[in-house]
K.L.:
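The structure's right below; bear with me while I get my questions together.
In this text the structure is predicted, and so the values were computed from the model without any measurement. Just so we're on the same page: letters track the sequence lines, and every chain starts at 1.
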Amino acid sequence: MSTRPDVEVKRPPPWRDERVLRVAVQVIFLAGVAAVVWLLASNLVRNMQAQGMRTDFGFLDQTAGFTLSGTDFSSRDTIWDALLVGLRNTLVVSIWGIVLATVLGVLVGIARLSTNWLVRKCAAGYVEALRNVPLIVFLLFLYLAVLQQLPRISDAITGGGFVLSNRGLYTPWIEIAEGSGLFLAVCAAALLLAVVVGIWRTRRFDATGKPHHRVLWGLGVFLVIALVAWFILDRPVALSIPVLDERRVTGGYEMTVEHGALLFGLVLYMAAFIAEIVRGSILAVPRGQTEAANALGLSGFQRYRQVILPQAMRIAVPPTGNEYISLAKNSALGIAIAFPELLRVTRIAIGQGQPAPQLIGIMMLLYLAISLLLSLIVNIVNRRLAARGT
Amino acid sequence: MRPKRLLLPTLVVPVLVLAACTGDDEPTDAALPQETDAEAGGGETEAETTTGGTLAEVQSRGTLNCGVNDAVPGFGVVTPEGEYEGFDIEFCRVVAAAVLGDANAVEFTALTAEARFTALQAREVDVLIRNTTWTASRDGGENASFTATTFYDGQGMMVRSDDPYQSLEDMDGTSVCVLSGTTTELNLESVFVSLGLDYEPLTFEDNDTLREAFLAERCDGWTSDKSQLAGFRATWPEDEGGPDALRILDDTMSKEPLGPVTLDGDTDWYDAVQWAVFSTIQAWEFGIDSTNVQDFMDVNPEDEPEIARFLGVDGFDSGLGLDPDFAVNVLQQVGNYEEIYNRTVGTDGLGLEPGQNNLWTEGGLLYAPPYR
């Protein structure tokens with residue numbers, strides 16, 4: 001700088017200075033976006049006020065008056081409670097859907113690469129059939145043509161603790177008695193301890209090379225503590241089995257056919273996409289890795305578990321994350337089959353005279369929050385996988 | 001936790017979607033003189049500016065946008081040929097005949113129960129004639145103005161004939177199908193709660209899916225306005241047992257007055273729609289129908305001053321903004337109330353008894369104010 005002082009002096013005027021211009025363009029663009037948004041928002045508010053429509057959020061505290069099937073929501077609860085029930089249903093379907101679709105997707109993806117001709121072709125047929133049908137069509141098929149064709153509740157199929165009818169699917173479920181918080185706390189502590197034991201086994205394996213059996217050890221620790229606590233605390237948790245009594249089912253876990261159709265529809269559909277991701281990711285692992293594993297004498301399962309899948313995982317995680325987000329968003333299709341998820345509940349509230357702009361705004365923010373949360377989790381997992389070098 | 005006063009941030013997103021529909025650029029083609037006056041008055045009177053002109057807007061556009069149902073036999077349904085027909089459809093034609101002089105100048109928009117008021121508020125439709133029940137909160141909260149009731153209805157419950165239910169009290173532990181966004185949905189809940197019955201309500205977006213669910217015996221009961229249930233019953237597929245496979249219980253759960261709806265704050269338009277409906281009732285009372293209206297037009301105004309005034313023979317102008325002979329257009333092109341009723345839901349249609357939908361002189365509730 002001191003060697004060439006005359007260059008510093010010859011700075012162009014601000015309207016031709018590239019650095020100034022760059023900042024200015026961005027400021028102007030942002031201001032433009034803000035102005036448009038403000039214009040539209042104030043236009044909406046003005047029009048709503050001119051038409052005498054309410055622009056506040058006080059309606060959220062009004063009693064709903066309607067009910068939502070398959071939930072404990074009562075007509076005396078508020079609109080806000082209804083939205084929460086809708087959000088809960090969306091989350092339940094999304095989380096279960098993600099877990100089950102992942103398991104099924106990985107299995108089908110591996111099956112597509114099987115050396116067994118029948119298994120390979122079956123998996124391919126499944127993927128192609130599901131991937132090439134619009135999801136809404138598949139959901140309507142599952143709901144109208146499959147689940148609704150189950151027998152009526154009065155002559156439902158029963159057996160093995162399950163009750164199947166066209167009103168709902170009932171499965172045995174864990175029933176937690178009142179005041180069993182202590183037991184749950186003990187279980188949580190046992191789980192923590194199991195993880196600690198697992199880490200200790202891993203460390204020991206790293207140090208000595210002796211087999212770690214960390215899963216067995218962890219499971220053993222958890223089960224022993226939980227069982228002892230269960231007996232000491234006078235069996236606070238029991239298995240509840242659904243019992244059919246004419247038109248009523250008591251006990252067990254109830255899943256309405258609408259809920260079932262949406263969950264199974266999403267799982268079967270998204271699993272087809274995840275299977276393709278898994279297949280592609282496995283194929284993307286260099287062939288030399290398979291050959292090396294074979295050369296070491298690993299069995300087929302060991303080869304997948306120890307060599308191929310860990311490497312395929314890294315490739316698969318980002319696109320699978322997109323599928324998860326897409327699954328959560330697709331749960332809104334429950335509206336077509338009468339399942340009270342977030343969109344459905346919002347529409348019911350609007351249909352009962354609650355203001356649409358506010359409700360749609362809240363709904364969009366909630367969906368945005370779900371998607372952002374999912375992508376945050378996927379990003380964290382992705383970063384951790386990438387950071388762990390081989 | 002509860003987002004109550006976060007209006008602007010929450011509105012920012014949906015506003016992008018909605019601003020286009022609720023924009024204030026609507027009445028560009030309405031050239032009413034009072035409109036310019038109101039505009040000069042400032043931005044605050046905007047609602048009046050926009051709404052003041054629906055009648056003029058419809059007349060200058062030359063077609064009526066009518067929000068209707070497309071899945072309720074007898075009231076509003078699309079035929080296999082793609083034509084709309086039904087009781088509500090006929091009243092769209094009545095309004096078009098009165099306002100435009102042409103009963104066929106109607107653009108029908110099929111609306112779901114949930115979307116109907118939003119469509120009205122966004123001015124997608126000029127008038128909503130879609131078996132819509134008149135209630136206080138809709139009158140107040142939805143910016144809706146209900147004109148003369150065209151159909152007096154009540155909520156009922158339909159069950160399968162081979163099921164044991166004889167009255168609502170028998171329906172403990174059942175599952176009931178209902179359309180969401182309706183008064184029926186709310187009535188169902190209050191009636192069953194007051195009877196102390198445990199039930200599972202299953203709400204559907206549209207009647208077609210609901211019908212499928214009822215067909216599959218997913219629900220034991222189907223609740224709706226009795227007239228609608230009668231319509232579904234009458235058109236029940238033969239291979240499912242035909243109409244005899246279904247029963248409508250005697251219980252009536254509510255009052256359901258159905259009629260055309262306009263947007264609040266537009267009295268000229270409201271009056272025009274209202275008097276179009278009244279003209280069909282008044283004609284029935286006078287005994288004028290589509291077949292004999294020509295004869296009545298020859299009456300001597302001195303002998304039958306009321307009929308002459310009603311048909312505009314003496315050039316009487318009510319100031320409603322309608323042609324003096326609007327009733328003639330309505331009667332010639334559509335018919336009087338009795339004809340409409342019989343054609344769609346009465347003897348030649350669903351076969352419903354008139355019940356309360358009869359002239360006040362016959363013990364019914366239909367009563368048109370004097371036309372003078």
K.L.:
What heavy-atom pair brings B:Arg218 and A:Val257 nearest, and what distance separates the two atoms?
P.N.:
NE-CG2, 3.1 Å
K.L.:
Relative to chain A, which segment of B:Thr112 carries a heavy atom at a distance below 4.5 Å: side chain, backbone, both, or neither?
P.N.:
side chain
K.L.:
For the atom pair CD1 (A:Ile153) and OG1 (B:Thr174), what is the distance rounded to the nearest 0.5 Å?
P.N.:
11.5 Å
K.L.:
Side chain, backbone, both or neither: which part of B:Glu200 has a heavy atom under 4.5 Å from chain A?
P.N.:
side chain
K.L.:
By a 4.5 Å heavy-atom criterion (distance strictly below it), what part of A:Leu147 contacts chain B: side chain, backbone, both, or neither?
P.N.:
neither
K.L.:
For the candidates A:Ile335, A:Leu150, A:Leu144, which exhibits the highest count of non-hydrogen atom pairs separated by less than 4.5 Å from chain B?
P.N.:
A:Ile335
K.L.:
Tell me, which pairs form a salt bridge (charged side-chain N to carboxylate O under 4.0 Å, His left out) where one or both residues lie in residues 135-158 of chain A, sequence neighbours left out?
P.N.:
A:Arg152-B:Asp163, A:Arg152-B:Glu217, A:Arg152-B:Asp220
K.L.:
Contact part of B:Thr203 toward chain A, heavy-atom cut-off under 4.5 Å: side chain, backbone, both or neither?
P.N.:
both
K.L.:
So, for A:Gln352 and B:Thr182, which heavy atoms are closest and what is the spacing to 0.1 Å?
P.N.:
NE2-O, 3.0 Å
K.L.:
Quick one: what part of A:Ile348 sits under 4.5 Å from any heavy atom of chain B, side chain, backbone, both or neither?
P.N.:
both
K.L.:
Where do B:Tyr199 and A:Thr67 land on the side-chain contact (heavy atoms from CB on, under 4.5 Å) test, with the steps shown first?
P.N.:
CA-CA 11 Å; B:Tyr199 77 112; A:Thr67 50; 4.1 Å; yes
K.L.:
Using a strict threshold of under 4.0 Å (side-chain N to carboxylate O), is an ion pair present between A:Arg344 and B:Glu114?
P.N.:
yes
K.L.:
Please classify the contact between B:Ala144 and chain A as side chain, backbone, both or neither, with a heavy-atom cut-off of under 4.5 Å.
P.N.:
neither
K.L.:
Could you report the tightest heavy-atom contact between B:Val193 and A:Arg76, atom names first, then the distance?
P.N.:
CG1-NH1, 4.2 Å
K.L.:
Say whether B:Glu212 and A:Gln148, considering side chains only, have a donor N or O and an acceptor N or O under 3.5 Å apart.
P.N.:
no
K.L.:
Looking only at heavy atoms, which two atoms of B:Pro201 and A:Ser69 are closest? And how far apart?
P.N.:
O-CB, 2.7 Å
K.L.:
Under a 4.5 Å heavy-atom cut-off, does chain A meet the side chain of B:Phe204, its backbone, both or neither?
P.N.:
both
K.L.:
With a 4.5 angstrom heavy-atom cut-off, is it the side chain or the backbone of B:Asp172 that approaches chain A, or both, or neither?
P.N.:
both
K.L.:
Looking only at heavy atoms, which two atoms of B:Ala216 and A:Gln149 are closest? And how far apart?
P.N.:
CB-NE2, 4.0 Å
K.L.:
Report which part of A:Ala349 has an atom under 4.5 Å of a heavy atom belonging to chain B: side chain, backbone, both, or neither.
P.N.:
neither
K.L.:
Closest approach of B:Leu202 and A:Tyr143, non-hydrogen atoms and distance?
P.N.:
CD2-OH, 4.3 Å
K.L.:
At a heavy-atom separation under 4.5 Å, does B:Glu142 approach chain A through its side chain, its backbone, both, or neither?
P.N.:
side chain
K.L.:
Quick check on B:Val178 against chain A: is it the side chain, the backbone, both or neither that has a heavy atom closer than 4.5 Å?
P.N.:
neither
